[in-house]
Q: 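Before anything else, here's the structure in question.
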Amino acid sequence: MTNLAVTLNEKTWYVNVDTAPVAENTWTLQVEGETLNVRVPFSNTTAEQIEWMIVNNHPFEIVFDPELRWIQTRGRTHRVQVRDLDVTVARPHSRDGRIKAPIPGQITRVFVEAGQTIEAGAPIMILEAMKMENHLVAPVRGTVSSVNVAPGARVNLNQVLAEVQADGE
Amino acid sequence: MTNLAVTLNEKTWYVNVDTAPVAENTWTLQVEGETLNVRVPFSNTTAEQIEWMIVNNHPFEIVFDPELRWIQTRGRTHRVQVRDLDVTVARPHSRDGRIKAPIPGQITRVFVEAGQTIEAGAPIMILEAMKMENHLVAPVRGTVSSVNVAPGARVNLNQVLAEVQADGE
Amino acid sequence: MFKKILIANRGEIALRVMRTCREMNIPTLALYEASDQGSLHVRLADECVLLDAPGGFMNGGAILDIARAHGADALHPGYGFLAEHAEFCRACENAGITFIGPPARVMEQLQPKIDALERVRAAGIATTTFSMPCADSDAPLMTAEANALGYPLLVKSCRGGRGRGEFFVASASELPDALARAQQEAHAVYGDRRVFLEKAILPAHQIGVQILGDAHGNLIHLGEREGSLMPGTQREASNQKLIEETPAPSLTPKQRARLWELALEIARVFGYVNAGTIEFLMDDAGNFYFTEVKARIQIEHPLTELVTRVDLVRAQIELAAGAPLALKQADVRLDGYAMQCRINAQDPWNQMLPSPGYLRRVRLPGGPEVRIDTYVYSGCQVPAEYDSLIAKLIVWGADRAQCRQRLERALGEFKLIGTATTLPLLQRLVRDAAFVDGTYHTQTRVPQLEMDAEAPQTVRDLAAAVALYHERAQQPLRAAIPTRMLSGWHRASRTLPE
Amino acid sequence: MFKKILIANRGEIALRVMRTCREMNIPTLALYEASDQGSLHVRLADECVLLDAPGGFMNGGAILDIARAHGADALHPGYGFLAEHAEFCRACENAGITFIGPPARVMEQLQPKIDALERVRAAGIATTTFSMPCADSDAPLMTAEANALGYPLLVKSCRGGRGRGEFFVASASELPDALARAQQEAHAVYGDRRVFLEKAILPAHQIGVQILGDAHGNLIHLGEREGSLMPGTQREASNQKLIEETPAPSLTPKQRARLWELALEIARVFGYVNAGTIEFLMDDAGNFYFTEVKARIQIEHPLTELVTRVDLVRAQIELAAGAPLALKQADVRLDGYAMQCRINAQDPWNQMLPSPGYLRRVRLPGGPEVRIDTYVYSGCQVPAEYDSLIAKLIVWGADRAQCRQRLERALGEFKLIGTATTLPLLQRLVRDAAFVDGTYHTQTRVPQLEMDAEAPQTVRDLAAAVALYHERAQQPLRAAIPTRMLSGWHRASRTLPE
């Protein structure tokens, strides 16, 4: 049995999940006192392959964000947060000052130099891919500690392009 | 290097295949003196997952029968036979007298009894599936040695339904 | 309008009905049996209920119970199953649940097929020639009836529909066996052993006229559909249409006008309400013979939707709700040509054996004037428990030549990998001279699948492709998925003795 | 007719052209770069050649060499790339290869955008207000020009097209940067640094009229299309249309008739031949301002095909071959309503970042009056090297309400798993009041993606689904395929600093 707090549309639901299925492809959950039957296709499906569920008599085609920040169903999108009540340590929210390439592409413009102080949200550089310009901005207020690329550079995914040292660090 | 005889549309082509690709996704073949370049998508694709090839400048979407009795492309179907010239022993053609269920389904009629002599092609029984009747017939001329099911029986794939002992065996 | 519609069907037609319901903002309640839980008609419904009752979709009582328990105030039967079951239609009316189709008083006139034929004949319209009905004990009587009608003839169920319980009889010696089989099948499918004989018309054209009628006495037609191309010989039971089209290529404009007029006359005989099809055979001399009224949505209804742009399911729902017809006859515009292919999970290389299983890849055709109605998708199961229709491809063209070219083009884009399908047969058929010319009839034989001519260079390239496939297949598998494991038991259908 | 058509494009438009060629029995020659070898336009072509030249699809010389080497006697440019490149069009003519589009003498009149605007103005038709062209050194002059025009304004490339090299300028302080960026982008895309200023019309309606002209002086229109809904603010460079429709909801019948007339007048100014679109802005007071002629097939052309049932690519090919127009104006019937959504591989959750990669599952909508133009399929790659359009969904309806409902229904059936797409944004947009009412304009802001209201019971059910997903995700992977491995680098796009 797992105890979860699921926040959806700003309301939090406390859910108990039986760890084993009650029948083939069928799980039982308690949501605030009520018991729900959930059918999931094919018992050997990984979570990422789940495309639909039937909750009692309600079928849902669901696209789950793999990191469970949102789900989408029936043309609507919902923000989601899940907390495992049996796990007390929250994962730290990583937020360093490294500007990494979010996608591969080409640097077309660089707006900052090393040593410059900048506000959070200030433009750092432009990365072009799929015929679109993507503006990379400072994640925090601070000082540019390095700029590693010049306009025209082709960059790979996650390549560190620049670094900003946050104020007060 | 593998040497094959490929019979297609009643014409036989002698083909030499280099066992390793010449470039990523690209193989070289010699067909009757001419060298052809063949591009196959994604080098880690198994044969069964191959859906298309580019032979020189000709793209083909091909459906390969997994046993290579036929291929289909551009709305046309071609019978095929492949012989590995370096392998001298042909696989024996298995042809016993057991009538197995080619699909799961229900037996609706049985036309024969044990001990009865029948001609090749004579009706043995009817197996219904997908709302269709499928007539199972005798593979050889001979004597029905056993009938294992009665009308109404639900049968599984490959279940032996009856046996015919061929004349002269 | 209705608060909730229960769809008492599955597969492509359940999805077809659901699409219109969604466009009308009417919630749907789907039914499914366990083997069918991954079908799109379940995934896309607003609500779904497991139908866990003997007889499944034929169990009208269980289905009505579900409708009541879940607050459905209307029910769409699709085609097949309970679509033309007058008793079920009456039971819905008694339960206060609107049956989306003709009212029970119409169904009750049409269900006894001989009575219906006699009433049409009495109205002065030619029908096929038929015998008395026959229960088990009347076999000697039927021999006399058969001799009176003359051979060849057909044995048909008195309840009929869906081509089941229908057998072709070439000569007297075949009659007893055909009677026995027809009675057995009629009993199994319709719960009624009675059959009758009908004189065969060979060759013929099988043409149906789509009609719409409201409860206020308005009646219109929406042109005809021809479905004379069938896979097997008349003597085979699985005599399903492969390709249908509109307008019927076999009709002259004068014949066409006459046919439409006849259809409206026949519909009036029964006080027909809702959507239906008046079916005829046309002989070589151009004479029409009424055969039956299909009191339901037909598999080939999209043809009419493509040339009229009328949503027939929406019309069914509106008419069942008592609305007057939205169109007058003069508003119906029949524009261009449409053709439909039925793609079945059957193996054309192996006696059209059913081929259910796992569909690894589904890629649908697209582009201008191409419509697909299907319940399959990449990674789905085709259940063995239902009929083999998995997809319909329907195309429109400004003229018949463009329409046929588009059909051929779209078939070439269709990709179904995992189970055997009738695609190769259809691709062959659309290039057949009788189809290209529009001169086919019910006796036109479907060409055998065999080697196809190609340019020598293409054959050489294909030989190279085959050699490389063979070479790769010899190598140890490198990918993680053993496809052969996933692809289901249909592979073994080859072991059928020849 | 042509012996072989080289398609100098990729993706959905290459496939669109190929479909018509196949229906006309004209063999096609496709081009591909290495990253794009799995694209459908390669798989479905009759012949394909690896385009291994600097500049790829912009390399006209290399493409003409391939055409000559492989015996193509005509070339279809699609949209983008070389579609509106007068010099390339002229080079095709000189090489004896028919360019499927307007002749070079028309292209050469249209390419210098300021000249084209001036000729239309000289013909007595209102255009947008514009400045002198500007090369690098003219910056001070441009400030004066800008002050004369007044703010807000747009900086545009003198070559233009595809919304590239176009920047919005709200006030004088933004002008130098916008000029620099526009010149840089214009140079990169068109090889021509010159830009000009245009007075912004805010709010406006962006409406184009589809025309067809033959070499014999016949000219017709096929109605208009409105594309005023754009994702970002005017100041964003990626100002692509999201949803387009026909007829334009913003027009009165009188305005519509006037617009059509203006379009034909403008086409005559240039002696226009082949298919093209005459583009206008309409201000709040209902005044029309000519902006440009799109001398090519447009992304939104299927809208016109759905309401007229005319195959515009076939018309392009026939007209380029010198055939007279197959239709007279009186034959053109504009029937019903059509809407198109563009589905892009961009992440609406993350600043519309490009999201190429592996598409694990593709399931397309179907049923009545739904058309899909796409190059993607289950298990394909979306290359990072090209623009982000991966699919177009186009639907028809008898009235605007039915059309919109159908669009919403079809979007709900669309399934694309593996890369982020604009589907969630489109689904939100089609339910937005301004779109439902048809009252939107170029300043209508696209709603933010945020929590959507649902019935409490539905929310509870979804909470249960999320909990079960979470629970299953904690368990060790059981299946053979580590999906995360297959799904490509697009996942990481989340690490973009906020």
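Atoms considered below: every heavy atom in the structure, side chains included; atoms not considered: hydrogens, waters and symmetry mates.
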Q: Let me know which of D:R409, D:Q402, D:Q405 forms a side chain to side chain donor-acceptor pair (under 3.5 Å) with C:E23.
A: D:R409

Q: Can D:T20 and C:R406 be said to form a side chain to side chain contact (heavy atoms under 4.5 Å, CB included), step by step?
A: CA-CA 8 Å; D:T20 288; C:R406 192 163 275 159; 5.8 Å; no

Q: Which of the residues D:N25, D:V370, D:V313 is involved in the greatest number of heavy-atom pairs with chain C at under 4.5 angstrom?
A: D:N25

Q: Might you point out which heavy atoms bring C:V307 and D:R309 nearest each other, and give the distance in Å?
A: CA-NH1, 4.5 Å

Q: At a heavy-atom distance under 4.5 Å, which candidate from D:K392, D:R333, D:E408 has the highest pair count against chain C?
A: D:R333

Q: Less than 4.0 Å between a side-chain N and a carboxylate O, is that true for C:R19 and D:E413?
A: yes

Q: For D:Y375, give me all partners under side chain to side chain contact (heavy atoms under 4.5 Å, CB included), at least two apart in sequence or on another chain.
A: D:R10, D:S39, D:V382, D:P383, D:I390

Q: Could you have a look at D:K415, D:R404, D:R314 and say which one has the most heavy-atom pairs with chain C under 4.5 angstrom?
A: D:R314

Q: Nearest heavy-atom pair of C:L44 and D:R363: which atoms, and what distance?
A: CD2-NH2, 3.9 Å

Q: Given heavy-atom pairs under 4.5 angstrom as the criterion, report whether the side chain, backbone, both or neither of C:R361 touches chain D.
A: side chain

Q: Can you name the nearest heavy-atom pair linking D:E305 to C:E369, along with the distance?
A: O-OE2, 4.4 Å

Q: Could you report the tightest heavy-atom contact between D:P368 and C:R16, atom names first, then the distance?
A: CG-CZ, 3.5 Å

Q: Counting heavy-atom pairs closer than 4.5 Å to chain C, which one of D:R43, D:M18, D:E12 comes out on top?
A: D:R43

Q: Who among D:D311, D:L40, D:L15 has the most heavy-atom pairs with chain C under 4.5 Å?
A: D:L40

Q: Starting at OG1 of D:T374, measure out to CG of C:L364 and round the result to the nearest 0.5 Å.
A: 11.5 Å

